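Working notes for the structure below.
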Amino acid sequence: MEDKFDIEVLLSEEQIDQRVSEIAAEISEDFAGEEVMLVGILKGAVIFMADICRKLTVPVELDFMAVSSYGSATVSSGAVQIIKDIEVSIEGKNVIVVEDIVDSGLTLKYLLENLWSRGPANVKTCVLLDKPEARKVDVKIDYMGFEVPNEFAVGYGLDYAQKFRNLPYVGVLVFHD
Ligand code: IMP
Ligand code: MG
């Protein structure tokens with residue numbers, strides 16, 4: 001049987017653009033005179049990262065990691081495995097991990113421990129959406145876009161079964177019979 005649902009707009013394109021500008025200004029100020037390396041977590045962070053990096057005023061490098069967490073389309077299970085790693089050393093660099101959403105926190109916690117073990121100067125986190133009600137482990141979010149309710153979000157990079165990443169806004173799935 002197919003899932004039946006509507007997508008309700010949670011954050012408009014304009015709201016996101018405004019917030020992305022604010023975060024980029026904050027990062028640019030915090031790292032003035034330095035360089036940063038953005039590490040985007042595929043695939044959800046792609047749109048957010050593309051927008052944020054173009055608003056930074058400090059020199060920036062881009063790289064990507066992909067992780068798999070085993071679970072159903074809407075529930076993340078916690079087991080994390082790196083399926084694509086960054087391609088360069090981050091030793092001595094200012095790394096900012098860019099994620100679409102922090103749910104249980106397990107993915108970001110794992111990535112932070114992994115990246116810190118490689119001898120960077122710094123590792124910060126930049127997350128578009130924070131779902132605090134779903135948190136299972138503590139994880140520090142340095143740059144946060146929006147707090148969202150414990151519902152399933154799609155759009156602006158976030159998917160439901162790989163669909164809807166291309167929506168220019170963030171919506172939530174509202175299931176019905
Ligand atoms: P966590 O490890 O539970 O924090 O899960 C983080 C990952 O689960 C994110 O990078 C997303 O890929 C996925 N995820 C969690 N919540 C949502 C959601 O509401 N919509 C889309 N993906 C989600
Ligand atoms: Mg993700």
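This one's a predicted model, so the numbers in the text were calculated from it and none came from an experiment. In listed order, ligands and their atoms are each counted from 1.
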| Test of ring centre spacing under 6.0 Å for F5 and Y160 | yes

Which atoms of ligand 1 sit under 4.0 Å from any heavy atom of [X]?
X    : answer
S104 : 1 (P), 2 (O), 3 (O), 4 (O)
E151 : 19 (O)
L158 : 20 (N), 21 (C)
E99  : 10 (O)

| remark: Among L129, I41, V137, T107, the residue with a heavy atom nearest to atom 7 (C) of ligand 1 is T107

Mind listing the side-chain donor-acceptor pairs of residues 44-51 below 3.5 Å, one per line with the distance, residues two or more places apart or on another chain?
unit_1, atom_1, unit_2, atom_2, d
D51, OD1, R54, NH2, 2.8
D51, OD2, Y156, OH, 2.6

Does the residue [X] have a heavy-atom contact with ligand 1, meaning some pair of atoms that are separated by less than 4.0 Å?
X    : value
L108 : no
R135 : no
K131 : yes

| field | Shortest non-hydrogen contact between V170 and A153, atoms and distance | value | CG1-CB, 4.2 Å

| task | Taking all heavy atoms of S12 and all of Q15, pick out the closest pair and write down the distance. | result | N-OE1, 2.9 Å

Look only at interatomic distance and state if [X] has a nitrogen or oxygen under 3.5 Å from any nitrogen or oxygen of ligand 1.
X    : result
V102 : no
D159 : no
G105 : yes

| said: Counting neighbours of CG on N150 that are heavy atoms of other residues, nucleotides or ligands and sit closer than 6.0 Å, is the number greater than 12? | reply: yes

| request: Would you mind checking if K131 and E151 are paired as a salt bridge, meaning a charged N to carboxylate O distance below 4.0 Å? | output: no

| request: Please determine if D130 and R135 form a salt bridge, counting it only when a charged side-chain N lies under 4.0 Å from a carboxylate O. | output: yes

| said: Could you walk me through whether D17 and R19 satisfy the salt bridge (Lys or Arg N to Asp or Glu O under 4.0 Å) test, starting with their C-alpha distance in whole Å, then the side-chain angles of each, then the deciding distance to 0.1 Å, before giving a yes or no? | reply: CA-CA 6 Å; D17 184 63; R19 190 71 193 112; over 6 Å; no

| note | Within the 4.0 Å heavy-atom cut-off, what I101 brings close to ligand 1 is both

| field | D100, portion touching ligand 1 at heavy-atom distance under 4.0 Å | value | side chain

Using residues 29-42 as the side-chain source, report each donor-acceptor pair under 3.5 Å to any protein atom, sequence neighbours left out, with the distance given to one decimal.
unit_1, atom_1, unit_2, atom_2, d
D30, OD2, Y143, OH, 2.6
E34, OE1, N94, ND2, 2.9

